[in-house]
2 protein chains.
Amino acid sequence: MKWLTEEEQASWRAYVHATTLLEDHLDRQLQRDAGMPHMYYALLTTLSDAPTRRMRMTELAQQTKITRSRLSHAVTRLEKNGWIAREDCPSDRRGQMAVLTDEGYAVLVRTAPGHVTAVRSAIFDRLTPEQVQQLGEISRIIAEGLQPEGADLPWLR
Amino acid sequence: MKWLTEEEQASWRAYVHATTLLEDHLDRQLQRDAGMPHMYYALLTTLSDAPTRRMRMTELAQQTKITRSRLSHAVTRLEKNGWIAREDCPSDRRGQMAVLTDEGYAVLVRTAPGHVTAVRSAIFDRLTPEQVQQLGEISRIIAEGLQPEGADLPWLR
DNA sequence: GCACTTTCATTGAATCTTCAAGAAGTGGAC
DNA sequence: GTCCACTTCTTGAAGATTCAATGAAAGTGC
């Protein structure tokens, strides 16, 4: 059993603090300005990047790294807001498509600038270009290690 | 209004993915092995580092970067587990101390190795020493920017 | 002492997440 | 075609978090 070195402990503590504060900060910013938490906002942006602004539930869950259950609940809520609609999947009768509505897209258009500003001022305005690159690389390594990668293993849970 | 560059976007996406997956992973590991989510575990470890294993509520909230409200609810739950006890603060009658019980300490002793292993294998075993240092530095910069620092400004909320 | 402001900590309601269970469809073996 | 294992998505209940409001004590100015 190998413990953490002093340096590792310090980095770990700093990481936990930073992620806690940042999540809190962005959730609050988006709750105030867009009426939803950050994860819900991420669902909308992910959909908006999809070819026809729609995606299978499972794929949306995979791309946003959340469980299907969580996604189901979230979509139910966003559907009530009129920002997402559900459609049957034409090729698989078990499937559902989540569709970004025009109204949902409008919310995104309206709130994206404020959100980008929040992200910028919390992170990118404070980091050097090298650090931005390092953050990306480190994040990719960590994320990679936590994903089954192995294609069709149970991807999460 | 300045948008994010390609590189910034990529780093941001990777960061969100990594933190989502990691939080999920550690919450699950600790829920399974210690019967509590990561944040609750962090409360116990923070207390265990304190001089007499006790701390004022506000200070505990500050050190763990959470709101007092969240802490109140968490301590209520951990009190039910018998892992934390509340004591009146001798010097300030408004105050409460959260005390790590022997039972709570025992849980920590029993589960710390497994948790450290989980953290190691998810992060530190995958990063070079330089990257560990970079992660710490980047995290400190981000955390610093999100804390009022300004001493007695409303520190959070 | 007295009014006023601030701080400490908690509470309840609404919201969000997790977990386990379950309904329905798919696809392969035979 | 039938059986069986697997995938897709949803659901309800339990637990966690947020937000606004509150009571009580401490500090401040006079």
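Hydrogens, waters and symmetry mates are skipped; everything else that's a heavy atom, side chains included, is used. Everything quoted here is computed from the prediction, not taken from an experiment. Chain identifiers are assigned alphabetically (A, B, ...) following the order of the sequence lines, protein sequences preceding nucleic acid strands; residue numbering begins at 1 within each chain.
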To the nearest Å, how far apart are [X] [atom1] and [N] [atom2]?
X	N	atom1	atom2	result
B:Asp88	C:dT10	CG	C1'	14 Å
B:Ile66	D:dT17	CD1	C1'	10 Å
A:Glu23	D:dT17	CD	C1'	10 Å
A:Leu71	D:dT11	CG	P	13 Å
A:Lys80	D:dT10	NZ	P	13 Å
B:Met57	C:dT7	CE	C1'	14 Å
A:Arg93	D:dC6	CZ	P	22 Å
B:Gln96	D:dA25	CD	C1'	12 Å

When you compare the protein's N or O atoms with those of nucleotides 13-16 of chain C, which come within less than 3.5 Å of each other, and at what distance?
| unit_1 | atom_1 | unit_2 | atom_2 | d |
| --- | --- | --- | --- | --- |
| C:dC16 | OP1 | A:Arg77 | NE | 3.2 |
| C:dC16 | OP1 | A:Arg77 | NH2 | 2.8 |
| C:dC16 | OP2 | A:Arg77 | NE | 3.3 |

At 4.0 Å (heavy atoms only), tell me whether A:Arg86 reaches a base, stays on the sugar-phosphate, or touches nothing.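 Sugar-phosphate, backbone atoms only, no base.
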
Describe the nucleic acid contact of A:Asp27 in one word from base, sugar-phosphate, nothing, applying a heavy-atom distance below 4.0 Å.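 Here A:Asp27 touches no strand at all.
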
Kindly write out the residues that satisfy ring pair (Phe, Tyr, Trp, His ring centres under 6.0 Å) with A:His25, not counting sequence neighbours, or none if the list is empty.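 Once residues adjacent in sequence are excluded, A:His25 has no partner under the ring pair (Phe, Tyr, Trp, His ring centres under 6.0 Å) criterion.
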
Going by modelled atom types, is there a donor-acceptor pair between the base of C:dC19 and the side chain of A:Ser69 at under 3.5 Å?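 Yes, a donor-acceptor pair under 3.5 Å.
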
State the CZ-OG distance between B:Arg140 and A:Ser11, to the nearest 0.5 angstrom.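 Rounded to the nearest 0.5 Å, the CZ-OG separation comes to 5.5 Å.
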
Let me confirm one number: the CG-CE distance from B:Leu71 to B:Met55, rounded to the nearest 0.5 Å.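 Result: 10.5 Å between the selected atoms.
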
How do B:Ser91 and A:Gly95 order along DNA chain D: which one's closest nucleotide is nearer the 5' end?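 So the residue in question is A:Gly95.
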
Passing option when A:Thr58 is tested against A:Gln96, A:Gln63, A:Arg68 for side-chain hydrogen bond (donor to acceptor under 3.5 Å, both in side chains):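 Of the listed residues A:Gln96, A:Gln63, A:Arg68, the side-chain hydrogen bond (donor to acceptor under 3.5 Å, both in side chains) partner of A:Thr58 is A:Arg68.
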
The side chain of [X] lies closest to which of these nucleotides: [options]?
X	options	value
B:Thr67	D:dC9, D:dA25, D:dT18	D:dT18
A:Arg94	C:dT18, D:dT18, C:dG25	C:dG25
A:Arg28	D:dC19, C:dT17, D:dT8	D:dC19

Looking at A:Ser121, is its backbone amide N or carbonyl O close enough to the side chain of A:Arg126 to form a donor-acceptor pair, meaning the two atoms are under 3.5 Å apart?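 A pair under 3.5 Å: yes.
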
Pairs flagged by salt bridge (Lys or Arg N to Asp or Glu O under 4.0 Å) wherever residues 75-84 of chain A is involved - sequence neighbours left out: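 Residue pairs passing salt bridge (Lys or Arg N to Asp or Glu O under 4.0 Å), neighbours aside: A:Glu79-A:Arg86.
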
Minimum heavy-atom distance between A:Thr101 and A:Gly82, given as atom pair plus value: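 Looks like OG1-O, 2.6 Å.
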
Would you say D:dT10 has OP1 or OP2 under 4.0 Å from some side-chain N or O of A:Arg68?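 No, because none of the side-chain N or O atoms of A:Arg68 sits under 4.0 Å from OP1 or OP2 of D:dT10.
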
